[in-house]
Amino acid sequence: MTVTDFLSAPFPDPVPPQEDGAASGSGRFFNRELSWLAFNWRVLEEAENVKVPLLERLRFLSISATNLDEFYTVRVAGLRELALSGKNTPAADGLTPSQQLDRIDANARELMDRQQAVYARLKELMAAEDIHILDSGALTDEDRARVEEIFLDSVFPVLSPLAVDPAHPFPFIPSTGYSLALHLKRQEDGRILRALLPIPQQIDRFIRLDAPEGQHRFIPLEDLLLMHIGTLYPRYRVGGYCTFRVLRDSDLEVEDEAEDLVREFEVALKRRRRGEVVRLNISANAPADLKRIIMQELPVEEGETMETDGLIGIGHLSELVIKDRPDLLWPSYTPRVPERVQDHDGDMFAAIRQKDMLLHHPYETFDMVVRFLKQAASDPDVVAVKQTLYRTSHDSPIVDALCEAADAGKQVTALVELKARFDEAANIRQSRKLERAGVHVVYGFMNLKTHAKLSAVVRREGDRTITYSHFGTGNYHHITARIYTDLSFFTTDGALGRDMTRLFNFLSGYAQPEDLENLAVSPMTLKQRLLDGFETEALNAEAGKPAAIWAKMNSLIEPDVIEKLYEVGQRGVKISLVVRGICGLRPGVEGLSENIRIKSIVGRFLEHSRIVCFANGRELPSKHARVYISSADWMGRNLNRRVETLVECRNPTVKAQIVRQIMAANLADTAQSWILRPDGSFDRPGPEADERPFSCHRFFMENPSLSGRGSAGASDVPALTHGAD
């Protein structure tokens, strides 16, 4: 399919409103939590996709499990708290917290059953490729000798076997903690001992065994432990056992008037570790007395307990995605260095001075963002560097560059967001490292997360100073930048430089920015800028002009935004959305959303960039379009409770890259797209019978981008048929 084919294709015939009132009231919205589960089903589908390399399928299976864990510790934990407190205010779709929990439970149980079935199938396929996951019964005598050596040398010293009786209280099991519960009998007199063996998270779940050339053999850690119970409990034999794993509420409570925010977060992190259990996974063969004790001591109810006939802790399968079988992985891919940077011998400032520059990660290397900051650290003409950090890697080259800049005498300011969920402890460590280097570290607002992706370098050039600005859609994280699709926009535009300065002053000094020249910032102006853009398109439609909205994001659930999209769609605006994950908007309903179509892309790379394009009175794609990139998804938290940015890209080359290449390719994709239907289901229709599937990921891997030398010349709309799978 070419983009021209896509644009000329009519919108699907709308369906009549359903009996649940899809055109009015709560029926206008899909439930947020069930929509997220639908996304995780799509991830799991990739584990079943025969076109995906085998070990990448295993990775998708692992991701679906870790995703579900986080969903329970965050979303289900919150709903559970609301239900227990008696707060039954319905969500936008009309479901109360209790009703949502019931539906989540049924869906999640089905999802976990499917995960086990997928694992069983992948295990067979791996065995056919000489990657074997063995149980103790499949070991040779040589294997057993080696396993005993591994146990005594590497495992036994870190184990803490525990009796469970009145003299030995039930121990604390951390979130994602995995344990063996044992029903033991003493050989000489049959005395019963109930014991618990927490499995250390510091040890690999799958132990590699010796294997002939070309083979790979592993044994699960729990099997290794069961083989050596006699060493842990001499003169006892196992009468019964089970494995279990817990997930706990991950919420943080921080005092609004905390005098030392870092210390308050450290205390809160310790409290979170002991959050209430929201889910217990226990093996289906658990002895009744052990199951009763575990449930009573945690404590959990029957409805919070899930019996698993198979592998508990599917997320650990990522350990088996081994690098020494490249034939079972995605073909290796090396991101490109932009040609314009090469033309300037790696000088980022010279490349940006020439013209605004947009990089499309991971197809163009994130190393250019690191180089931008490292060059700032060593350049004697740079006087100041300002940076936001929401999530970053443990050994972050971004943090190192900021430290180098401070060491070199630059004025360096870093906004470190301590409230980045699950990265709080890492961000505390990074903030202390920055402070030791002399960086001025600030932490933003107590009641707002700073999620904007901003970097500014102030440089003396002649008799004036120039602000080199970087606006991103993704985190300053050089690891995730290899697999997340994101945008990096570099500019020396004076208006954006002034806006950047005003915004950093807001973050460090609480002085709310006024008279921003380009930038829209949540929670002040970003949402209204979007709504105004929607309205302009509707007015164009009513005036007989072409009117369309193309947008791409991770999630769409903000009710005011959805209602406005419904409204302008009814007024004649054609709306095409790429929403990777959660979507509360119901497309294709007669009298409500027949002019709205929505797709989700799930493939080799995680779609993460946020883009919105307005037709602006011409047919899309067009050089006259108004084009924006953003750090914000269209969710209540992003638009109302976070500091986010929406940046208009006005440079013609940058606009062309976004609208004619990035958005057009996403909309034309058939290889990894799912189409959202009016009933909330997703179809994967694929191409017509006589066509090859078009993959936007492969297209971007195989084609240089328009950002290369700052001129058009890469694949434009008519030629967008290359890179088919």
Exercise for review: Under the side-chain hydrogen bond (donor to acceptor under 3.5 Å, both in side chains) rule, what do Asn651 and Lys355 come out as? Steps first, then yes or no, please.
Suggested key: CA-CA 8 Å; Asn651 176 277; Lys355 188 186 292 187; 5.5 Å; no

Practice item. Assess whether side chain to side chain contact (heavy atoms under 4.5 Å, CB included) is satisfied between Arg459 and Thr465, documenting all intermediate values. Key: CA-CA 5 Å; Arg459 189 172 187 268; Thr465 58; over 6 Å; no

Side chains of [X] and [Y]: closer than 4.5 Å at any heavy-atom pair?
X	Y	value
Ile104	Phe71	yes
Thr491	Tyr468	no
Val521	Leu503	yes
Trp634	Val579	no
Leu389	Leu402	yes
Leu646	Leu519	no

Check your understanding: Are Glu417 and Lys449 close enough, and set up right, to give a side chain to side chain contact (heavy atoms under 4.5 Å, CB included), and what steps lead you there?
Key -> CA-CA 7 Å; Glu417 180 50 75; Lys449 283 187 181 181; 4.1 Å; yes

Kindly write out the residues that satisfy salt bridge (Lys or Arg N to Asp or Glu O under 4.0 Å) with [X], not counting sequence neighbours, or none if the list is empty.
X	result
Arg642	none
Arg353	Glu461
Arg245	Asp69

Grab the two heavy atoms, one from [X] and one from [Y], that are nearest each other, plus how far apart they are.
X	Y	value
Asn638	Glu644	ND2-OE2, 2.7 Å
Ser630	Ala632	OG-N, 2.9 Å
Gln201	Ser175	NE2-O, 3.8 Å
Asp499	Leu516	OD1-CA, 3.4 Å
Gly315	Ala65	N-CB, 3.5 Å
Glu607	Cys696	OE2-SG, 4.3 Å

Point to revise | Asp395, CG: over 12 other non-hydrogen atoms inside 6.0 angstrom | key: yes

Could you tell me the separation between the [atom1] atom of [X] and the [atom2] atom of [Y], rounded to the nearest 0.5 Å?
X	Y	atom1	atom2	value
Ile562	Leu556	CD1	CG	4.5 Å
Arg340	Thr653	CZ	OG1	7.5 Å
Arg529	Met524	CZ	CE	11.5 Å
Thr645	Phe471	OG1	CZ	6.5 Å
Asn518	Cys649	CG	SG	8.0 Å
Arg604	Ile483	CZ	CD1	10.5 Å

Review point. Which is it for Asp486 and Ser609 under the side-chain hydrogen bond (donor to acceptor under 3.5 Å, both in side chains) test, yes or no, and what are the steps along the way?
Key: CA-CA 4 Å; Asp486 271 306; Ser609 55; 5.4 Å; no

With under 30° as parallel and over 60° as perpendicular, where do the rings of [X] and [Y] fit, or are they tilted in between?
X	Y	value
Phe490	Phe372	perpendicular
Tyr178	His316	perpendicular
Tyr363	His697	tilted

Exercise for review: Decide whether a cation-pi geometry holds between Arg580 and Phe39; the criteria are a distance under 6.0 Å from NZ or CZ to the six-membered ring centre and an angle within 45° of the ring axis.
Suggested key: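 Here Arg580 passes the 6.0 Å and 45° test against Phe39.
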
Point to revise | Partner of His361 under ring-ring contact (aromatic ring centres under 6.0 Å, His included), chosen from Tyr484, Phe366, Tyr476 | key: Phe366

Review point. Under the side-chain hydrogen bond (donor to acceptor under 3.5 Å, both in side chains) criterion, do Asn31 and Gln100 qualify, and how do the steps go?
Key: CA-CA 8 Å; Asn31 179 263; Gln100 292 179 73; 3.1 Å; yes

Point to revise | Residues Glu563, Phe29; criterion side chain to side chain contact (heavy atoms under 4.5 Å, CB included); working and verdict | key: CA-CA 10 Å; Glu563 291 287 10; Phe29 301 95; 3.5 Å; yes

Review point. Hey, are Arg650 and Asp493 close enough for a salt bridge, meaning a charged N less than 4.0 Å from a carboxylate O?
Key: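 Salt bridge between Arg650 and Asp493, a charged N being under 4.0 Å from a carboxylate O: no.
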
Exercise for review: Assess whether ring pair (Phe, Tyr, Trp, His ring centres under 6.0 Å) is satisfied between His360 and Phe700, documenting all intermediate values.
Suggested key: CA-CA 9 Å; His360 190 193; Phe700 290 125; 4.7 Å; yes

Point to revise | Stepwise side chain to side chain contact (heavy atoms under 4.5 Å, CB included) check, Phe349 with Val382 | key: CA-CA 11 Å; Phe349 297 147; Val382 168; 4.0 Å; yes

Review point. Trp36 and Tyr72: aromatic ring centres closer than 6.0 Å?
Key: no

Point to revise | Full working for side-chain hydrogen bond (donor to acceptor under 3.5 Å, both in side chains) between Asn40 and Ser64 | key: CA-CA 6 Å; Asn40 210 37; Ser64 77; 4.9 Å; no

